[in-house]
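Whatever order the structure lists ligands and atoms in, that order sets their numbers, starting from 1.
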Amino acid sequence: MRLPARLVPTLALATALICAAVAPAHASPAPPPKTPEAIGYGGAVSSVDADATAAGIEVLRRGGNAVDAAVATAAALGVTEPYSAGIGGGGYFVYYDARTGRVSTLDGRETASHTADQNLFLENGVPLPFNDAVTSGLSIGVPGTAATWEQALRLWGTRSLADSLRPAERIAEHGFTVDQTFRDQTVANQDRFKDFPATRALFLPGGQAPAVGSILRNPDLAATYRELGRRGTDALYRGPIGADIVRTLQHPPVDPASGRLARPGKVDARDLADYRVIRREPTHVDYRGYDVYAMAPSSSGGTTVGEALGIMSHGGDLTDPVAYDHRFLEASRIAFADRNRWVGDPAFTAVPTDRLLSPAFTAARACLVSPDHALTSPLAPGDPYHPAPCASTGPAQPEPYEGQSTTHLTVADRWGDLVSYTLTIEQTGGSGITVPGRGFLLNNELTDFSFAPIVPGVPDPNLPGPGKRPRSSMAPTVVLRDGKPFLATGSPGGATIITTVLQVLTGRLDRGLSLEQAIAAPRASQRNSAATQAEPGFLALPERAELEAMGHVFASTPEIGAATGVERLPDGRWLAAAEPVRLGGGPAAAVRAGR
Ligand code: GLU
């Protein structure tokens, strides 16, 4: 969390009107106290950053709706969380419209060039080393984020793009206070950031990672936002910002003295001009009387969370912690086996979205779950076209690697509209390549493709292709009850996004946890691999020994996810919940305490 340096009057005004959430801005650069829960009227915002949450609240307070506020929040995150999100990347936007009762989604995923094919990441027939691909032009897809903002505002917003970008523009102009998380992420990237002069100049001032408490300004990004506001996203998809993006990725501006080989990318001006945000029907499952809506492919978020919920719904009593954890881990394991076999960009492969979510298929897969023994991974996929109890098809596939970065924000407004929006530039720091003079990093999203089939001879729906979108794990989710908004949630964390969202949803819906408790609870992530990743807090749970006796194997990992959410309380107030600790914690805010 960071405070803007010279935004004190604006933010002090905004935050003074926020009920219990974002701390008032002081002249001191010390980070504000963490405020992971806020309850109030008039709408609410939850994100991982104080400036971003305040930007969204400011829009709501001035009469904007959830979509306006979500775009303002996301644009601010592009300034203060530039290693996780920004106009160099893409994401998925889920919107519940209280007036129509409909849930709509936007797929703003990055795309490969029309000149790409399945050999994109092969050299001499051999897959490139993963890290060579990450820090290269080759991994950079056509960014979708600016187009997502513009389209969301056009379809459902009440503000112009220029108005929505203004709070973020001010933060970029005046600077924000560097916190420990930002510094740590910079240090972790220092070795590659230093090799790109534009990245070095922006994020390694004086050649070093900025100190905690120092002010980081980004006037280039402020100017880029201004240009987008003035000219619309044509400036990026058909104009000078786009020309700079193409030049940068085709000729990565690496310091020749560094000796780094940064391979050129293929995306060109035509790819940018052809880019389209896609409106998709959300995935939908009925889970214990709740309607759970999420993102359909090209993300695997909705199908995998939804399939796992289906498998969990065929189980018994989930109030017992051992029974719950066992079923959660097994449902995740099975759903990951299926997503890797069946889910990719639906423009290239027939993705059986409805079949994966059907009660017939989830019952057939739930048949595999024993009450007292863990399954062995890798587990073979099931066949959603021919669901048969406990049956599988083809060989098991190991889980491919996926980076972990990304950010999630959640907004509710006074009319009852909800936005759940996850956006990313893929790894923390993306490709590491900043567009010179423009103030933003380009993504490395194309590394989410399989570089080669995971198992030779088995169809892999996630190989690169011309104009194709790599499969994502992002899982922005909206839950309705009796046709009314109940909650919205999502998380960063690469493939662990899916298990985190599943854990938050079932923590809230099955275990009687509050939304804040469900977000804070210790996490584990089973993704069809021999060992389940688990946080130290999970490993310290009393049920661990029983789970191990059942055959579950755990590997410790420091942190999984950093979710946010909002929930409508029965008395009409909004509860906003943010991550209390992970990634430094995030601020939740409601517009006002009283009616
Ligand atoms: N590239 C990942 C995805 O689309 C997101 C990156 C992350 O969350 O770390 O699923």
- Report yes if some N/O of I497 lies less than 3.5 Å from some N/O of ligand 1; otherwise report no. no
- T406: numbered ligand 1 atoms lying under 4.0 Å from its heavy atoms: 5 (C), 6 (C), 7 (C), 8 (O), 9 (O)
- Task: Mind checking whether R109 contacts ligand 1 via backbone (N, CA, C, O), side chain (CB onward), both or neither, at a 4.0 Å heavy-atom cut-off?
- Result: side chain
- Item | Pair F440 + Y225: ring centers closer than 6.0 Å | no
- Message: Please report whether the ring centroid of F182 lies less than 6.0 Å from that of Y83.
- Response: yes
- Purely on distance, is any nitrogen or oxygen of E445 under 3.5 Å from one on ligand 1? yes
- Message: So, regarding S473 and ligand 1 (criterion: nitrogen or oxygen to nitrogen or oxygen, under 3.5 Å), is there a contact or not?
- Response: yes
- Smallest separation among heavy atoms of F176 and V79, with atom names: CE2-O, 3.4 Å
- Just jot down the ligand 1 atoms closer than 4.0 angstrom to any heavy atom of T424, in number order. 5 (C), 6 (C)
- Contacts of A76 meeting side chain to side chain contact (heavy atoms under 4.5 Å, CB included) (sequence neighbours excluded), chain-then-number -> A52, A55, A168, I171
- Message: Tell me every residue that passes side chain to side chain donor-acceptor pair (under 3.5 Å) with E110, counting only those two or more places apart in sequence or in another chain.
- Response: none
